[in-house]
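Quick notes on the structure that follows.
Just so it is clear: chains get the letters A, B, ... in the order the sequence lines come, proteins before strands, and each one is counted from 1. If you're wondering where the values come from, they're calculated on a predicted model, not measured in any experiment.
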Amino acid sequence: MATVSANFRAADARRPLIGKRSLADWLLGAVAGIVFLALYAPIFLVFALSFFRTRRGEVQWDSFSLDWYGALFSNAEIAQALVFSLIVGFSATLAAIVLATGIALYASVPQRSERTRAVLEFLVFLPFLLPPIITGLSLLILSREIGLPRGFITISIGHTVFVLAIVYRILLTRIQAVSRNVLEASRDLGASRWQTFRYILLPQLGSAMAAAAMLAFALSFDETMITLFLVGDESTLPLRLYAMMRVGFTPEINALVTLVLIASVLLALIAARFIRGRVGDIEP
Amino acid sequence: MNAARPSPLSGLAVGAAIWAPLLALIFAPLMSFLIYGFFQVEDNQIQRTLSLETYREALTNPAYMRTFGKTVLLALQVSLACLVLGYATAYFVWRRPARWRAPLLFLLAAPLLMSYVIRIYAMRGVLGANGLLNGVLTTLGIVDEPVTAFLFNLTAVKLTLIVILLPFATLPTFIALERIPASLLQASSDLGAGAGRTFRSVVLPLSLPGATVGAMFTFVLAMGDFLAPELVGGIDGFTYGRLVFTQFGLAFNWPLGAALSALLLAVALCVVFGARAIGSARWRR
């Protein structure tokens, strides 16, 4: 309830800004319109090309078919890459959740010094803030130095460090929202630190972990530039697409991308529901 | 978290379990790549004798420096375009009635869900001679015949990067706008300021730092990107990221690639620290 009324107040407060339409407002609307068009024109194109054929670059609007979707399901290379991407995504997500939970708990201990926390967070955020090319080539060089062959392990490590920052951020925010009194009460009543984590903290972290996991998985599933440095014999889906694009593209890719986009949007909506649902639970 | 004081030994073990993976997976790789820059390649073999030769070559070769300058300029133009277009769009969405805001915001973020490679590929369809852009321009009569100058050059790289990186600019701007206390807007209007005055004196100063941080992020990403230049850039769109990537592929000169990307790392770190300063300055004021 509190959030709803706050939103109403905020909307009212913006009313003076909305006012009567001036030239600047029309200009603003035009720029926003162009931005939305620019964002969605490429997506629309892929969507259309998954159902229609083209002749000399022009879409034939009378050629609706699901042929590309049929072709997609008989393309073994793509299926292989898709499965590999899913496996990498799950592994990297799991590793990032475990690691980030540990780091977030470690960082939120009250007696931890400000400096330690700053160094810790700097390291955690680095692979997300630096250009992916640097994360990719530095992991490539290290894995060569220690004799680790390129493949599933190196890609999973690359994805784990890349998504770590996002997962850490989401989990830390939730951990800080959990009342310290409840945790101290648990300890006072004789629960061990593990029991306090398992029965008091973990249940409250659940939805944040789910949201973080979905986001991490989505990032891993799409990661291309780090992966290019770390890939071995088996390709992930984006790398397979990249390779196909360079030698000539088959239209069933459009069908695949459409399906992946629909799945991602659904996942994102579910994730958003998760986050919002919890916020609603906490607030009086 | 710990009401009772943990024993020093278990504290040490926990510390090691947290720091070891971070140092091994994030710090050590960065160090090893910086060290690689001190190696050289002779006869396709990496020579592990330490010298400044490779770094000197990477930082003084005029061809590399030209590519670097060109890429900095490209990234500046891309991030500036993202700042202006992203700000306008975020401000537009922010001023819609409450029920429109969430769906519009979702529409701004949703392109991020689409495969990066595919979005670049789709931009080929938009920018190509038979593409959407030319279709619109010829239909409107702005040009007589399709313009081929949109694809496989530096302009194509710019346009593609702007479209791809825009969400990274709009979303932080929107968050900055949302953080402006409603009471300030109310006060401004109560004191007789019109929409324009409130925007100039209240909204813009409070939201610009957040928007700038977003734009700086797009600058770093544009600097290091090599996929968009490779796929839509042609020969003209040879950027620093591509130069580095080539050293790990065809050219097979890892030490040179490492030395070249040390400059990229330095630029990225400067921007990250700059963004942090801007971000925290906002709270001091």
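With contacts defined as side-chain heavy-atom distances shorter than 4.5 Å, the pair B:Val220/A:Leu129 does not qualify. Under the 4.5 Å side-chain criterion, counting only non-hydrogen atoms from C-beta, A:Asp25 is not in contact with B:Phe92. Put simply, the side chain of A:Leu241 reaches to within 4.5 Å of the side chain of B:Ser115, judged on heavy atoms. In this structure, the side chains of A:Ile103 and B:Trp19 stay at 4.5 Å or more apart for every pair of heavy atoms. A:Pro127 has its side chain within reach of B:Ile26: a pair of non-hydrogen atoms, C-beta onward, lies under 4.5 Å apart. A heavy-atom distance below 4.5 Å is found between the side chains of B:Leu269 and A:Leu130.
Taking B:Val272, B:Asp225, B:Leu221 one by one and counting their heavy-atom pairs under 4.5 Å with chain A, the maximum is reached by B:Asp225. Put simply, of B:Ala122, B:Pro29, B:Pro21, B:Gly224, the one with the most heavy-atom pairs under 4.5 Å next to chain A is B:Pro29. For the options B:Leu108, B:Val244, B:Leu23, heavy-atom pairs under 4.5 Å to chain A are most numerous at B:Leu108.
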Q: Tell me, with the steps shown, if B:Trp254 and A:Leu140 meet side chain to side chain contact (heavy atoms under 4.5 Å, CB included).
A: CA-CA 10 Å; B:Trp254 288 21; A:Leu140 168 66; 3.6 Å; yes
Q: Apply side chain to side chain contact (heavy atoms under 4.5 Å, CB included) to the pair A:Leu120 and B:Ile18, showing each step before the final yes or no.
A: CA-CA 9 Å; A:Leu120 196 71; B:Ile18 297 300; 4.1 Å; yes
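Interface remark: A:Leu123 contributes backbone and side-chain atoms alike to the contact with chain B (heavy atom separation under 4.5 Å). The contact between A:Leu164 and chain B is made entirely by side chain atoms (from C-beta outward), counting heavy-atom distances below 4.5 Å. Neither the backbone nor the side chain of A:Ala24 comes within less than 4.5 Å of any heavy atom in chain B. Residue contact with chain B, scored on non-hydrogen atoms closer than 4.5 Å, involves the side chain of A:Phe36 exclusively. For A:Val46, the part lying near chain B is the side chain, with the backbone staying farther off; criterion is any non-hydrogen pair under 4.5 Å.
A:Leu126 CG to B:Leu30 CG: the interatomic distance, rounded to the nearest 0.5 Å, is 5.5 Å.
Note on ring orientation: taking the six-membered ring where Trp is involved, the planes of B:Phe217 and A:Phe128 are parallel (angle under 30°, cut-offs 30° and 60°).
A side-chain donor from one of B:Tyr36 and A:Glu145 sits under 3.5 Å from a side-chain acceptor of the other.
Identified by a heavy-atom distance below 4.5 Å to chain A, the contributing residues of residues 260-267 of chain B are B:Ser261, B:Leu264, B:Leu265, in residue-number order.
Checked against a 6.0 Å centroid threshold, the rings of B:Phe273 and A:Phe122 count as neighbours.
Between the side chain of A:Tyr40 and the main chain of B:Leu107, a donor-acceptor pair closer than 3.5 Å is present.
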